[in-house]
Amino acid sequence: VLGGVLRDRSDFDGASAHLERALEIASRHRDGGALKGHIQTRIGLMQCDWGQLKACRASLEASLSTTVEVYGPDHYNVGINLNNLGFALEQAGDAATAETYYLRALEHVSRTLGPDHLQVGAMLNNLGILESQRGDFEAARAYHSRALAVREPVLGPNHPDVARSLANLAGVAHELTDFETAGRLYARAVAILGDSIAGADVLRNHAISLLDQDRIAEAEGFLQRARAIYDATLPPEHPDHGYIQTDLAKRASRRGDLDLAVAHQRMAIQTAIAAYGRDHSIVARQMATLAGFEVERGHHPVAWRLIDQAIGALEGGEGTDPPSLISPLTVLIRIAADLGDFVTAEATARRALDIATATYGDDHPRVALILHSRAVLAQTDGRFDEAMADFDRALEIYTATYGPDHQDVWAVQLERAALLQELGQAEQGIALVRRVVEARSAALGPTHPDTAMAQYNLGVHLIDDGRSAEAIPILEASLA
C-alpha cells in the first residue's frame, strides 16, 4: 500500500523499494503466490509508467508465470496478465505483438467471465487505443464503441469508465475530422469527470483538438481549467504539470508567439527532469518538441543540439531504433535540409522511414509524414521524379486513412502543386490549389488562417504564371 502511495506521489525510487520488499516477503511465504503475482504486476506497470520498458516486460512476464502456477492456465487472471503484457509491448512500440496479446486476453476473458463483463470492456478499450496509434481509426472507433456498449449498461451513463470511452471516441472522431462529434463527446466526458485529474486530462485533449482547428481562445479556456485542477490536486513536483506547459507551448505556437512557446516548453523540460531524471525518455521527447519550436524561430544550431541530445537519450534508454525516434528524426530531416546538409537529411529520412515501416507497416500516417518530408527534400534538391513519387504515396496513405478532406491531405496537395509548377504544368498546379482553397473554406471557413494560406499560395501561383490581375484580389483576400 505504501508503495502505491509513493508511486502516486511520483516517488519512483521509494515506491520501488517498498514494492520490492513486499515481493521478497510474499515470495518467502508459503501461501503468498497470489500476492506475489499481484505485486509483480504493480511493479511492472509502474516501470512502464516510468519508461523502464524492458524491466516492465520482465516483471509482467514473471507475474503471468506466477498466475499460471497459482491458478492454472484457464483462470481469468491469466487473461488479465496477457492484457498487461500487451500494454507493455504497446509502450515499447511493438504494436503487432501487442495486438496478439490483447486479442488472446480478450478471447480468454470473454470465455471465462462472459462477453459482457467489465474486464472485456477494458480490453476492447485497449485495442481501440492500439488501433488509433496504428492509424486505423475506423477499427479504433469500432473497438471503443463496443467498449462503451459493455460499460454503460453495467456502470450507468455517469461512470468515469464510461467517460473514458466517450473521450476515446472523441479522439477518434477528431482524427477523422468529425470535429462536431468530437466536441460533443469531449463535453459529455468532462461533465461526468468534473474537476478530477481524469477530467483535466480530457480537458487537455479537447484543448488540443480545438488548437488543431485554430479555435485558440476556446482552447485556452480549457487549458486554464485543466491547469487549475492540476495545481489544486497534484504536488508541485508531479510530471503532469509539465504536460500542461507543453500544451500551453503549443497554444502559444499556434498564436505565432514562438518565444512564449519556447519558455513554456523549457518549463516542461525542467518539470520532467525533476520527476524522471535528465536521461529519461520522457525528457528526450520534451526536448524534441522544444527543438521543433526552435526550428520555427530559425534557431537551427540550437535545435540540432537539442535533437542530438534527445536521440542519444532515446537510444540509450530504449535501444537502437525505437519508434519514439520517429518524431525527433523527422525534425532532424528539416533542420539538416534547411541548413543545406542534404546527405544528413537523406540518411535521417531513410532511417526514420525504416523504423516507421517496421513498427507500423507501409500504410500508416507516420510513414506518410516521413514520405512527405522526403519529397520536400528531393524537390529542394532538384530530384523532381523522386519527389512526385513520394508526394503521391503520402497522399495515397493520408487519403485512405482520413478521407480526401483532411488537413494532411491538403498540405501534400499544396506541395504537389508547387512541384507541378516547377515541372512546367502550371495550370494543373493552379487547379490543385484552387481545390484546396475550396476545401479549406468549406471545412474551416473563408477567414480561417489555413484558408488564407491556401489563398496566398494560389495568388503566388497565378503571379508566377503571369496572371497578376487575377492574383491581386486573391492575395488581398488572404490578408483580410
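The backbone N or O of V154 lies less than 3.5 Å from no partner atom in the side chain of H159, so there is not a single donor-acceptor pair. With S441 contributing its side chain and E438 its backbone, the two residues share no donor-acceptor pair below 3.5 Å. At least one donor-acceptor pair under 3.5 Å links the side chain of T357 to the backbone N or O of D354. Between the side chain of D465 and the main chain of H461, no donor-acceptor pair closer than 3.5 Å is present. Side-chain atoms of T399 come within 3.5 Å of backbone N or O of L395 as a donor-acceptor pair. Remark: the backbone N or O of V162 is not paired with any side-chain donor or acceptor of R151 at under 3.5 angstrom.
Defined by atom type and a distance below 3.5 Å, a donor-acceptor pair is present between the side-chain atoms of D201 and Y230. Side chains of Q245 and Q265: a donor-acceptor N/O pair is absent below 3.5 angstrom, by distance only. With no hydrogens or angles considered, a side-chain donor-acceptor pair links S209 and H174 at under 3.5 Å. Judged purely by distance below 3.5 Å, without hydrogens or angles, the side chains of Q286 and T246 pair a donor atom with an acceptor atom.
Contacts classified as salt bridge (Lys or Arg N to Asp or Glu O under 4.0 Å) and involving residues 79-88 (residues at least two apart or in different chains) are not found.
To the nearest 0.5 angstrom, Q379 atom CD is 10.5 Å from L377 atom CG.
Across I397 and D363, no two heavy atoms sit closer than the pair CG2-O, 3.3 Å. Counting all heavy atoms, side chain and backbone alike, D362 lies closest to R393 at O-NH2, 3.1 Å. The shortest heavy-atom contact between G128 and A140 is O-CB, 3.3 Å.
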Evaluate the side chain to side chain contact (heavy atoms under 4.5 Å, CB included) criterion for residues W304 and D341: first the C-alpha distance (whole Å), next the side-chain angles of each, then the deciding distance (0.1 Å), finally the verdict.
CA-CA 12 Å; W304 200 321; D341 186 350; 3.7 Å; yes
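Ring geometry, H238 versus H241: the interplanar angle exceeds 60°, so the pair is classed perpendicular (tilted spans 30 to 60°).
The cationic group of R104 lies under 6.0 Å from the six-membered ring centre of Y101 and within 45° of the ring axis, placing it in a cation-pi geometry.
Not counting sequence neighbours, the partners of E138 by the side-chain contact (heavy atoms from CB on, under 4.5 Å) test are D136, R141, L176.
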